[in-house]
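What's counted below: heavy atoms across the whole structure, side chains too, no hydrogens, waters or symmetry copies. Here is how names work: the chains are called A, B, and so on, in the same order as the sequence lines, proteins then strands, and each is numbered from 1.
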2 protein chains.
Amino acid sequence: MKDKRQLIMEATLFLFAEKGYEGTSIRDIAEKANVNVAMVNYYFGSKEKLFENIVKLKSSTTRLQLDEIASNKSLTSIEKVEMVIDSFIERLFTHRVFHRLIHQELILNQREALQCSIVDNLLPNASIIKQVIETGIKKGEFKKVDVESTIATLIGTINQILLSKKMCNRLMGKPDDYVPYEDAKFKKRVSVHLKQLMHAHLSNK
Amino acid sequence: MKDKRQLIMEATLFLFAEKGYEGTSIRDIAEKANVNVAMVNYYFGSKEKLFENIVKLKSSTTRLQLDEIASNKSLTSIEKVEMVIDSFIERLFTHRVFHRLIHQELILNQREALQCSIVDNLLPNASIIKQVIETGIKKGEFKKVDVESTIATLIGTINQILLSKKMCNRLMGKPDDYVPYEDAKFKKRVSVHLKQLMHAHLSNK
DNA sequence: AAAAGTTAATTAAACGTTTGTTTAATTTAA
DNA sequence: TTAAATTAAACAAACGTTTAATTAACTTTT
């Protein structure tokens, strides 16, 4: 049987992403994790500390793939961008529950400290892409685009698709009960779109 | 002196967008609007109905400009896209507080009915853009792109910039206390980026 | 190996607040 | 005089958290 700490964190992650921080009660969490209410405060001290624990744990595993791509010297800039796109899509789609949770916190302006730690954890990823694009521009492989806005487009497109299932399905012409995030075809579609988009936007053919 | 109904709705809009639905109490609202707690339920019946009232009121004023652009026959498709971009940026930047609020609701999966009415109100705008792009493709002015994904890029880019000030500033290389949304230069920057992007992505030069 | 002792894990119940909402009384306006 | 607007106070329910008692899991001692 699983560690209760872990059971609680998994249940919390799921419920927070589904119903938000304020919308989820400790009793909800305890029920979902099949533990006594008191266990949550026993292991984590408080609801807010439980939240911080989850964010820290989940954030610690990030950023490895991106670094690898950026530092690979046998790739052209556009190849790197394409790999970054696939890496991003794969990562965000897989961790979409957590992704939705941290974006709820970003949109909300409460819990300043937590928001800072989220931004600090997300930004290095953006910086790697930034570096890739800037290098491409210096080498003359890319046009002189607005690098920061281009990153906003990359991340924003994926977020637009990822953060609201209902909106995504309606926008992409799918039925309401369709679950796009587990469909490999759908992932491929987003990947192809972003690669075409970035190629047209960046490449100095 | 202003109508109390309106005072309550304005205070609610501000607080909901700032602290979320669950994070805002009726007492918070009453204090901000300088009215008695009982006034909220007296005028609106319940917290949830108050929410619905705000969404309906704010949504009713949408969609007029976009229709005008789409049906203007003296414009080329790319000109229409450019005008849609500016119209979108202007609109979302101006109503960014409300915009943040409804996106909180979209990301959360509670309050199904409210989510539906939000999607129903946002989607027609997307459909107009869709129609513009599809017409451009049929006329041969545009490449055969993934129309739905292209719209996700358009909206997603603006959302990425609009929904979190902290993330926006860090991403765009601005100091933390900078307020991008009231800076005309910043709006211009986003507009220029999106137009360049869409031109490269769509145009069949 | 059994018993006793010690710590950790787990529980049901209660704590004091805060929540959205309602009541019943009072003031204001028509 | 009548209806609408406004108020302070109270309502029950739900909240995060704590308590005090009990069980389980190890250690140590015999």
Asks: In whole Å, what is the span from the CG atom of B/N34 to the C1' atom of D/dA5?
Replies: 16 Å

Asks: What orientation do A/Y21 and A/F51 show, parallel under 30°, tilted 30 to 60°, or perpendicular over 60°?
Replies: parallel

Asks: Check every atom of D/dT19, D/dG16, C/dA9 against the side chain of A/A38 and return the nucleotide holding the closest atom.
Replies: D/dT19

Asks: Rounded to whole Å, how long is the line connecting atom NZ of A/K49 with atom P of D/dG16?
Replies: 16 Å

Asks: Taking only N and O in the side chain of B/N41, is any of them less than 4.0 Å away from OP1 or OP2 of C/dT21?
Replies: yes

Asks: For the residue pair B/D183 and B/Y178, confirm or rule out a side-chain donor-acceptor distance under 3.5 Å.
Replies: yes

Asks: Determine, for A/F14 and A/K32, whether the Lys NZ or Arg CZ falls below 6.0 Å from the six-membered ring centre while staying within 45 degrees of the axis.
Replies: yes

Asks: Whole angstroms only, please: what is the CD1-P distance between A/I29 and D/dG16?
Replies: 7 Å

Asks: If we count only N and O atoms by modelled type, under 3.5 Å, do the side chains of A/H193 and B/T153 hold a donor and an acceptor together?
Replies: yes

Asks: Measure CZ/A/F44 against C1'/D/dT18 and give the value in whole Å, please.
Replies: 18 Å

Asks: On DNA chain C, does the nearest nucleotide to B/D28 precede the nearest nucleotide to A/M39 from the 5' side, or the other way round? Give the residue.
Replies: A/M39

Asks: So, OP1 or OP2 of D/dC15: does either fall under 4.0 Å of a side-chain N or O from A/S25?
Replies: yes

Asks: Check the distance between D/dT7's P and B/I26's CD1 and give it to me in whole angstrom.
Replies: 15 Å

Asks: Do A/S25 and A/D28 have a side chain donor and acceptor closer than 3.5 Å?
Replies: yes

Asks: Would you indicate, yes or no, if C/dA9 has its OP1 or OP2 atom less than 4.0 angstrom from a side-chain nitrogen or oxygen of A/K4?
Replies: no

Asks: Would you indicate what B/Y43 reaches in the nucleic acid, counting non-hydrogen atoms under 4.0 angstrom: base, sugar-phosphate, or nothing?
Replies: sugar-phosphate

Asks: Can you figure out which of D/dT6, C/dT11, D/dA10 approaches the side chain of B/R27 most closely?
Replies: D/dA10

Asks: Between B/N36 (CG) and C/dG20 (P), how many Å, whole number?
Replies: 15 Å

Asks: To the side chain of B/Y42, which of D/dT6, C/dT21, D/dG16 is closest?
Replies: D/dT6

Asks: Could you state the CZ-P distance from A/F51 to D/dG16, rounded to the nearest angstrom?
Replies: 13 Å

Asks: For B/K47 and D/dA14, give me the distance from atom NZ to atom C1', rounded to whole Å.
Replies: 13 Å

